[in-house]
> 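Would you mind keeping the following structure in view while I ask a few things?
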Amino acid sequence: MKVDVLLGLQWGDEGKGKVVDVLTPGYDVISRFQGGPNAGHTLEFEGQKFVLRSIPSGIFQGDKINVIGNGVVLDPALFKEEIEALEKSGHALTERLKISKKAHLILPTHRLLDQAYESAKGTGKIGTTGKGIGPTYTDKVSRNGLRVGDILHNFDEKYKAAINRHLDILKHYNVEYDLPALEKSWFAGIEKLKEFEFIDSEHFINNALKNEKKVLAEGAQGTMLDIDFGSYPFVTSSNTVCAGACTGLGVAPRNIGDVYGIFKAYCTRVGSGPFPTELFDEDGDLMRKIGFEFGSVTGRPRRCGWIDLVALKYAIMINGATQLIMMKGDVLDSFDTIKACVAYRIDGEEVEDFPFDLNDGAEPIYVELPGWRTDLSTIKTEDEFPEELNAYLDFLEQELQVPIKIVSVGPDREQTVFRHEN
Ligand code: GDP
Ligand code: IMO
Ligand code: MG
């Protein structure tokens with residue numbers, strides 16, 4: 001068996017959580033492979049709504065095993081909050097959620113460092129989620145990190161050494177903090193973590209494959225936020241692309257199966273950084289209002305714009321996407337015209353390949369298509385799609401050269417239309 005991977009092709013918040021939940025009945029194991037509580041994955045079903053941050057989105061569909069992989073960074077305090085909220089609504093996970101011993105821990109001081117580095121950047125700030133993601137991955141790569149498995153071996157000593165190192169750095173910055181208060185909730189989180197099984201997740205996942213189990217890897221963030229291929233430096237600190245599933249779970253490249261690339265019918269971004277198709281007019285406001293485009297972690301309004309096929313083709317190339325999933329088609333229901341960016345104009349030249357650096361500005365070149373002006377949200381099958389929506393999907397498939405297998409027409413689990421089924 002192979003691992004299928006579901007990941008975002010844009011700047012995050014494409015709707016990964018919703019689709020992982022929809023696909024979960026077809027899998028035995030669902031696993032997160034990178035990122036941390038910077039993610040906010042929203043799921044809606046039976047009139048309920050959940051936002052998951054570190055926990056995979058496969059927990060609501062039967063007794064599937066969910067795994068937090070080695071590539072993830074985990075904040076015990078936020079993990080405890082997340083688990084307790086789920087327990088309150090009747091979802092006990094201790095038997096079904098397993099955590100890699102190799103996942104790195106976000107320490108209380110990592111969050112302070114995130115804050116310190118951001119304010120030191122002034123106007124060049126990344127606009128991070130403030131969850132300590134960058135500093136934790138920095139410590140991982142510089143070989144100073146603490147891992148979940150360390151909790152069981154001389155933990156106090158390792159913790160103190162790490163904290164002292166961070167406090168030394170923080171002396172150079174103007175950050176106010178109450179460390180004992182932060183530590184109180186952090187150590188309570190460590191106790192909560194201990195209720196779960198810490199596993200050698202690379203063995204667990206590979207054994208699952210050997211035993212003919214179906215494994216789905218769930219990405220966080222999106223390709224354009226990837227540390228190597230995103231709009232650097234306005235990116236997150238992990239490999240959000242398909243290769244990240246190999247390193248973040250311990251899966252060999254030849255054991256990757258389908259790669260589901262997920263995108264919105266338009267485009268959004270939170271935080272700073274280039275966004276060529278961004279709209280500053282009433283169309284952008286309408287997308288934000290209808291699509292309820294506000295960050296699920298920070299509540300920040302998401303920047304909105306038209307779909308960017310230059311970036312999308314690049315993302316499909318890097319990930320080797322085998323199937324596409326288009327989200328939030330319903331948000332464009334009331335638009336007379338829909339635009340799609342097919343090239344950029346940079347220094348007077350037309351560019352179709354995603355360039356090294358977008359920071360100096362790229363002017364989008366658009367193709368215009370007629371809107372469908374139909375309520376998509378109640379549509380159940382492909383046969384009911386309006387002609388203009390089919391034309392938009394055909395146009396995208398022609399441009400992207402990968403089939404669009406699912407079209408999402410609303411936030412609920414049920415508002416999902418499968419295409420090309422026969
Ligand atoms: P993720 O981070 O990729 O899981 O995406 P988020 O959950 O952060 O953001 C997606 C938002 O869009 C959530 O509020 C979802 O409930 C919502 N959503 C998902 N699919 C659709 C859809 O097809 N239509 C609409 N209107 N909302 C959707
Ligand atoms: P999901 O999984 C959208 C953005 C932040 C910031 C940049 C770096 O819900 O799609 P970080 O805190 O990671 O150091 O911030 O990345 N960002 C996201 N944007 N969705 C996310 O996750 C994001 N996670 C981080 O806004 O611009
Ligand atoms: Mg999100």
Side-chain angles (χ1 to χ4, degrees), residues 6-22 32 34-45 48-54 56-57 72-73 75 106 110-111 113-115 117-118 125-138 218-227 230-238 240 262-275 287-303 325-333 375-377 379 406-417:
L6 183 139
L7 47 79
L9 295 176
Q10 295 166 319
W11 276 280
D13 301 327
E14 295 89 350
K16 298 175 288 294
K18 170 185 164 164
V19 178
V20 168
D21 172 63
V22 167
R32 271 279 300 272
Q34 47 67 236
N38 47 349
H41 295 180
T42 315
L43 287 77
E44 289 191 34
F45 53 89
Q48 306 172 80
K49 179 173 167 171
F50 295 94
V51 180
L52 300 174
R53 291 161 147 198
S54 302
S57 302
V72 172
V73 290
D75 182 328
I106 302 177
H110 280 133
R111 274 208 251 173
L113 288 169
D114 196 355
Q115 207 182 314
Y117 297 151
E118 275 289 86
K125 73 178 164 61
I126 310 289
T128 72
T129 57
K131 299 288 179 274
I133 304 298
T136 307
Y137 278 115
T138 303
E218 172 180 2
Q221 292 76 57
T223 301
M224 303 316 292
L225 290 170
D226 180 87
I227 183 73
S231 47
Y232 194 87
F234 301 100
V235 294
T236 191
S237 297
S238 63
T240 60
I262 174 165
F263 65 97
K264 281 178 189 167
Y266 50 102
C267 195
T268 64
R269 168 162 210 173
V270 213
S272 327
F275 181 4
M287 287 172 186
R288 189 172 307 106
K289 188 164 157 243
I290 313 266
F292 197 67
E293 296 294 359
F294 295 89
S296 29
V297 174
T298 57
R300 293 179 287 181
R302 295 178 183 147
R303 300 156 66 192
I325 299 171
M326 187 176 94
M327 307 302 288
K328 302 189 97 159
D330 56 300
V331 174
L332 300 184
D333 282 357
D375 175 8
L376 297 185
S377 67
I379 287 184
I406 298 176
V407 175
S408 173
V409 294
D412 193 273
R413 192 189 268 171
E414 301 294 325
Q415 292 172 300
T416 312
V417 181

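Both ligands and their constituent atoms are indexed starting at 1 by order of listing.
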> Look at atom 17 (N) of ligand 2 and find which of V51, V73, L225 reaches it with the closest heavy atom.
L225

> Short N/O distance, under 3.5 Å, between K49 and ligand 1?
no

> Which distance, rounded to the nearest 0.5 Å, do you find between the CZ of F275 and the OG of S231?
10.5 Å

> For atom 4 (O) of ligand 1, what is the nearest protein heavy atom, given as residue, atom name and distance?
G17 N, 2.9 Å

> Mark up the atoms of ligand 1 that fall under 4.0 Å of a heavy atom belonging to M327, in ascending order.
20 (N)

> Looking only at heavy atoms of K131, does any of them come nearer than 4.0 Å to an atom of ligand 2?
no

> Ignoring angles and geometry beyond distance, decide whether G40 reaches within less than 3.5 Å of ligand 1 through its nitrogen or oxygen atoms.
yes

> Is there any N or O on G329 that sits under 3.5 Å from an N or O of ligand 1?
no

> Please write down residue, atom name and distance for the protein heavy atom closest to atom 13 (O) of ligand 2.
T236 OG1, 2.6 Å

> What protein heavy atom is closest to atom 26 (N) of ligand 1, reported as residue, atom name and distance in Å?
D330 OD2, 2.7 Å

> Among all protein non-hydrogen atoms, which one is nearest to atom 20 (N) of ligand 2, and what is the separation to 0.1 Å?
D13 OD1, 3.1 Å

> Can you check whether A220 has an N/O within less than 3.5 Å of an N/O in ligand 2?
no

> Nearest 0.5 Å, what's the CZ-CZ distance between F234 and R269?
8.0 Å

> Taking a cutoff of less than 4.0 Å between a non-hydrogen atom of the residue and any ligand atom, is F234 in contact with ligand 2?
no

> Can you see which heavy atom on S57 is nearest to which on G17, and at what distance?
OG-CA, 3.5 Å

> Of the protein's non-hydrogen atoms, which lies at the shortest distance from atom 7 (C) of ligand 2, and what is that distance?
V235 O, 3.9 Å

> Looking at G127, which atoms of ligand 2 are within less than 4.0 Å of one of its heavy atoms?
5 (C), 6 (C), 26 (O), 27 (O)

> Applying a strict 4.0 Å limit to heavy atoms, is G40 in contact with ligand 2?
yes

> Report the nearest protein non-hydrogen atom to atom 7 (O) of ligand 1: residue, atom name, distance rounded to 0.1 Å.
T42 OG1, 2.6 Å

> So is G291 polar-close to ligand 1, meaning N/O to N/O under 3.5 Å?
no

> Any idea which protein heavy atom is nearest atom 17 (C) of ligand 1, and the distance to it?
K328 NZ, 3.9 Å

> Under 4.0 Å, counting heavy atoms only: does R302 come that close to any atom of ligand 2?
no

> Ignoring hydrogens, what is the shortest heavy-atom contact between T128 and D114? Give both atom names and the distance.
OG1-OD1, 3.1 Å

> Taking a cutoff of less than 4.0 Å between a non-hydrogen atom of the residue and any ligand atom, is R302 in contact with ligand 1?
yes

> To the nearest 0.1 Å, how far is atom 23 (O) of ligand 1 from its closest protein heavy atom, and which atom is that?
S408 OG, 2.5 Å

> Yes or no: does G12 have any heavy atom under 4.0 Å from an atom of ligand 1?
no

> Which residue and non-hydrogen atom of the protein lie closest to atom 10 (C) of ligand 1, and at what distance in Å?
D13 O, 3.7 Å

> Just need the protein heavy atom nearest to atom 26 (O) of ligand 2, so name the residue and atom and give the distance.
R300 NH2, 3.0 Å

> Taking the side chain as C-beta and beyond, is there a heavy-atom pair between D13 and R302 under 4.5 Å?
yes

